[in-house]
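Please read all numbers here as calculations on a predicted model, not as lab measurements. First the proteins, then the strands, lettered A, B, ... as listed; each starts at 1. What you see below is based on every heavy atom in this structure, not just the backbone, and it leaves out hydrogens, waters and symmetry mates.
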Protein chains: 2
Amino acid sequence: MPPEKPSTRRPYHHGDLRRAILTAALDVIAADGPSALSLRDLARRAGVSHAAPAHHFKDRTGLLTAIAAEGFGLLAGTLNEAGDLKDAGVRYVRFAREHPAHFQVMFTPELLRADDLELTTARTLAGEALRGAVSAVRPESLGIDTRLAGVAAWSLAHGFATLLLSHNLDGPVGDKDPEEVFRTLAAMLFRRESRENT
Amino acid sequence: MPPEKPSTRRPYHHGDLRRAILTAALDVIAADGPSALSLRDLARRAGVSHAAPAHHFKDRTGLLTAIAAEGFGLLAGTLNEAGDLKDAGVRYVRFAREHPAHFQVMFTPELLRADDLELTTARTLAGEALRGAVSAVRPESLGIDTRLAGVAAWSLAHGFATLLLSHNLDGPVGDKDPEEVFRTLAAMLFRRESRENT
DNA sequence: CCCGCAACTTGACACTGACAAGATTGCCCG
DNA sequence: CGGGCAATCTTGTCAGTGTCAAGTTGCGGG
């Protein structure tokens with residue numbers, strides 16, 4: 001008898017196994033962190049054999065590197081749409097909240113293949129987007145070195161996002177909208193000197 | 001013959017296996033991150049059997065939780081010695097650089113036993129030290145909510161430290177002293193409004 | 001002195017990432 | 001149109017890991 005049992009029988013070719021494994025991996029990482037990620041578990045979820053993922057990502061490191069590259073691409077995209085620097089910061093925080101798995105992996109270099117081409121180019125793109133947003137505020141008009149202003153803005157946004165994801169701001173921020181809170185912080189950092197009276 | 005070969009013969013009891021494993025673990029984590037940590041490897045380094053670590057830490061999670069608790073203790077100690085808030089920030093950054101393994105584990109909650117007593121008390125201590133340093137600047141005199149000022153200061157220091165450890169500031173900061181750079185950032189955040197003329 | 005308990009060992013099991021070799025299938029080129 | 005080829009996926013295997021259970025060793029207090 002030929003294997004015509006289409007309802008239960010899986011096709012030999014998954015169709016889009018790469019995407020399926022990526023999204024499953026993102027779920028696992030968002031829930032339990034990168035250390036909880038198991039290639040065999042992802043294969044089981046996708047209904048394929050335990051060695052199938054290796055064909056798309058070669059490695060565990062390869063999978064995580066692909067995730068990081070995708071993350072930097074997404075981040076660059078949203079940063080490039082930002083109006084001003086404060087908006088860029090808000091988008092940075094929003095990105096971390098909407099893509100926690102990407103975010104976490106992007107900034108854990110020991111999990112990544114540092115010389116991967118897709119990764120490095122995507123990261124460069126995101127870096128340029130960030131620098132663009134910073135230079136738009138003309139920090140030199142505040143008497144501040146542009147590069148330092150960039151580091152300050154990035155540190156503030158990155159620290160806020162990181163603390164948020166690690167549930168260290170649940171107390172202070174409470175149920176307030178994190179993006180709104182961050183807007184206040186950004187205002188603290190880049191307020192003009194009030195030379196005008198009052 | 002009695003076992004008098006102190007040079008080659010290992011005693012059955014290690015002496016201070018707990019500390020030995022902790023420091024070995026810190027080395028591994030600082031070099032290759034928490035995911036590279038293997039209990040069996042630590043046991044080998046200490047010259048004990050593969051199950052010996054479990055007696056002191058029960059778990060891999062237990063070991064990491066102990067590291068995090070120790071880290072929060074150290075952090076609380078140094079923050080309590082800070083003169084003002086800027087100094088506290090500098091100490092925060094210095095702590096991250098001098099104890100990168102502790103720092104990384106402390107802020108990776110999915111690796112920790114969240115309800116561990118030692119951990120929660122140490123973390124609370126560190127949190128109080130931080131709040132103390134923030135309240136000392138009387139942020140309300142700047143027209144800023146104290147709680148938000150704390151979040152801002154913490155975010156800035158934490159983001160800077162995190163980006164530093166993940167080698168994301170190697171370009172911008174270069175070979176400059178990171179603590180000095182951070183001093184500049186802190187000054188940006190908490191400068192007074194220059195109401196006085198000039 | 002001895003006995004109890006903490007520190008450590010030995011052994012086992014299920015799970016994992018990685019590799020090698022084979023099976024299946026879509027599809028491109030003749 | 002059909003044959004082969006390369007991409008995709010499977011099966012089998014190996015060393016390494018965390019964790020548990022059960023046994024050993026040896027120190028210190030009764």
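- When only modelled atom types and interatomic distance are considered, B/T78 and B/R91 share a side-chain donor-acceptor pair under 3.5 Å.
- Between A/P172 and B/V151 the shortest heavy-atom distance is CB-CG2, 3.7 Å.
- In this structure, CZ in B/R44 is found 10.5 Å from NE2 in B/H50, a value given to the nearest 0.5 Å.
- The side chain of B/H55 contributes an N or O atom lying less than 4.0 Å from OP1 or OP2 of C/dA7.
- Each end of the helix from C/dC1-D/dG30 to C/dG30-D/dC1 gets its own rotation axis from five pairs of C1' atoms, and the angle between them is 0° to the nearest 10 degrees.
- Taking atom CG of B/L17 as the reference point, atom C1' of C/dT9 lies 12 Å away to the nearest angstrom.
- Note that CZ of B/F107 is 5.0 Å distant from NE2 of B/H158, once rounded to the nearest 0.5 Å.
- Without hydrogens or angle criteria, A/N80 side chain to A/A76 main chain gives a donor-acceptor distance under 3.5 Å.
- When the side chains of ILVMFWY residues are joined at heavy-atom separations under 4.5 Å, either directly or via intervening members, A/L125 and A/L75 end up in two distinct hydrophobic clusters.
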Would you check, one step at a time, whether the test side chain to side chain contact (heavy atoms under 4.5 Å, CB included) holds for A/L163 with B/S155?
CA-CA 7 Å; A/L163 292 174; B/S155 294; 4.2 Å; yes
Once each nucleotide of nucleotides 12-18 of chain D is scored for protein heavy atoms under 4.0 Å, what B/S/- sequence comes out, 5' to 3'?
BB---SB
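- What separates CZ of B/F57 from P of D/dT19 is a distance of 13 Å, to the nearest Å.
- At whole-Å resolution of the value, CG in A/L42 and P in D/dC9 are 14 Å apart.
- OP1 or OP2 of C/dC8 lies within a sub-4.0 Å distance of a side-chain N or O belonging to B/H56.
- A/K58 has its NZ atom 16 Å from the P atom of D/dA7, to the nearest Å.
- In this structure B/K58 satisfies the side-chain contact (heavy atoms from CB on, under 4.5 Å) test with no other residue, sequence neighbours excluded.
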